[in-house]
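When a ligand or atom number is given, it counts from 1 through the structure's own listing order.
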Amino acid sequence: MTARLVVLASGNGTNLQAIIDACDATINTVQQLDAQVVGVVSNKHEAFALNRAECHKVETAVVAAKPHETRPQYDARLAQIVGAWQPHIIVLAGFMRVLSNSFLSQFPNQVINIHPALPGQLPGVHAIERAFTEFVQGSRRETGVMVHFVPDEGVDNGPVIAQQIVPIHVADTLSSLEARVHATEHTLVIHALQQLITQQKAPTS
Ligand code: GAR
């Protein structure tokens, strides 16, 4: 059975693009990712991720926060919209809101997050920029990427599905490092999804 993916994104959507492309691609007639992106949600109307989805005829929804709405209220609304697509896996691909249990409890073991740093390092926003600053200051030699489950309200923290070190070179600028980290994310997220989809297909004894 083809896995149904819902992707949540707030920005550019390059990871979303990598996922859509992998769903479309075949290597030696074997599908790279036996999955379909059935919906994309953003909290921002202007997110370019929405344009990418529309170009590929993927359904989209904008769930913008309402004034005075609490986080659990927002997350309950979001859960209803995401749940209608009946996803097997929900990918947070640059979704810049922390999800509360009001969302997560609806999708146990189904929500995964991409973070541009290694486990336990640099949680939150601007992780690549902070890694580069630490490198320049001499307190860091490398950074990385991880894909992990989102079991609770912890920020960029949870059981790791896949991780990869990204070296930082003396000649790097912030933009060359960003390009290397993003390229790593685009392959690592596909690797993590392949792993999860294979596990979901495996018969349980
Ligand atoms: C990616 O670098 C992703 O790892 C990061 O947001 C970017 C989204 O890029 N996520 C986080 O920092 C989560 N804390 P994209 O919109 O081009 O996929």
Side-chain angles (χ1 to χ4, degrees), residues 5-24 33 35 37 39-56 58 60-64 71 75 78 89-100 103-104 111-135 140 142-168 172-193 196:
L5 310 180
V6 168
V7 179
L8 275 52
S10 303
N12 189 355
T14 63
N15 281 287
L16 166 67
Q17 188 70 57
I19 296 167
I20 290 174
D21 291 347
C23 292
D24 287 349
L33 202 55
V37 180
V40 170
V41 182
S42 184
N43 57 325
K44 295 194 182 298
H45 290 274
E46 67 277 17
F48 191 65
L50 295 168
N51 301 49
R52 293 180 191 271
E54 282 155 15
C55 276
H56 289 268
V58 175
T60 61
V62 176
V63 186
R71 203 149 60 89
D75 288 351
L78 182 67
I89 303 170
I90 298 161
V91 186
L92 309 184
F95 188 64
M96 293 310 185
R97 285 184 66 97
V98 177
L99 293 170
S100 65
F103 181 90
L104 296 170
V111 182
I112 70 171
N113 180 46
I114 310 163
H115 185 59
L118 291 170
Q121 300 182 13
L122 304 164
V125 294
H126 308 307
I128 309 173
E129 198 177 320
R130 285 183 286 141
F132 186 68
T133 302
E134 289 180 10
F135 175 80
R140 171 176 293 278
E142 61 191 17
T143 186
V145 171
M146 67 167 163
V147 180
H148 64 93
F149 283 107
V150 182
D152 55 31
E153 303 183 10
V155 175
D156 299 318
N157 187 30
V160 175
I161 303 160
Q163 60 180 301
Q164 192 169 326
I165 289 172
V166 176
I168 310 178
D172 267 332
T173 58
L174 175 58
S175 70
S176 67
L177 178 61
E178 279 172 342
R180 191 176 310 116
V181 170
H182 289 314
T184 306
E185 290 182 319
H186 300 161
T187 55
L188 197 72
V189 68
I190 304 309
H191 173 71
L193 283 167
L196 289 181

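Between the OG1 atom in T184 and the CD1 atom in I114 there is a gap of 12.5 Å [rounded to 0.5 Å].
For the pair N113 and ligand 1, the shortest N or O to N or O distance does not fall below 3.5 Å. Between G13 and ligand 1, an N or O atom pair is found at a separation short of 3.5 Å.
When hydrogens are left out, the protein atom nearest atom 17 (O) of ligand 1 is T14 OG1, 2.6 Å; that is the closest non-hydrogen contact. Looking only at heavy atoms of the protein, atom 10 (N) of ligand 1 is closest to I114 O, 3.5 Å. Of the protein's non-hydrogen atoms, E185 OE2, 2.9 Å is the one closest to atom 2 (O) of ligand 1. Regarding atom 5 (C) of ligand 1, its nearest protein heavy-atom neighbour is P116 CD, 3.8 Å. Looking only at heavy atoms of the protein, atom 7 (C) of ligand 1 is closest to G94 CA, 4.2 Å.
The shortest heavy-atom distance from G124 to ligand 1 is under 4.0 Å. Taking 4.0 Å as the cut-off, D156 counts as a neighbour of ligand 1 on heavy-atom distance.
What you find for A93 and V7 is that their closest heavy atoms are CB-CG1, 3.8 Å. Of all the heavy atoms in L104 and V111, the pair that sits closest is CD2-CG2, 4.0 Å.
Of all the atoms in ligand 1, the ones that sit under 4.0 Å from a non-hydrogen atom of M96 are 6 (O), 10 (N), 11 (C), 12 (O). For ligand 1, the atoms lying closer than 4.0 Å to a non-hydrogen atom of H182 are 2 (O). Distances below 4.0 Å separate heavy atoms of N15 from the following atoms of ligand 1: 1 (C), 9 (O), 15 (P), 18 (O).
Between the side chains of H56 and Q17, at least one donor N or O sits under 3.5 Å from an acceptor N or O.
For the pair T143 (side chain) and V166 (backbone), a donor-acceptor distance under 3.5 Å is absent.
By the side chain to side chain contact (heavy atoms under 4.5 Å, CB included) test, N51 is found to be paired with F48, residues two or more places apart in sequence or in another chain being considered.
Taking 4.0 Å as the cut-off between side-chain N and carboxylate O, E185 and R180 do not count as a salt-bridged pair.
Looking only at side-chain heavy atoms (C-beta outward), P119 and Q163 come within less than 4.5 Å of each other.
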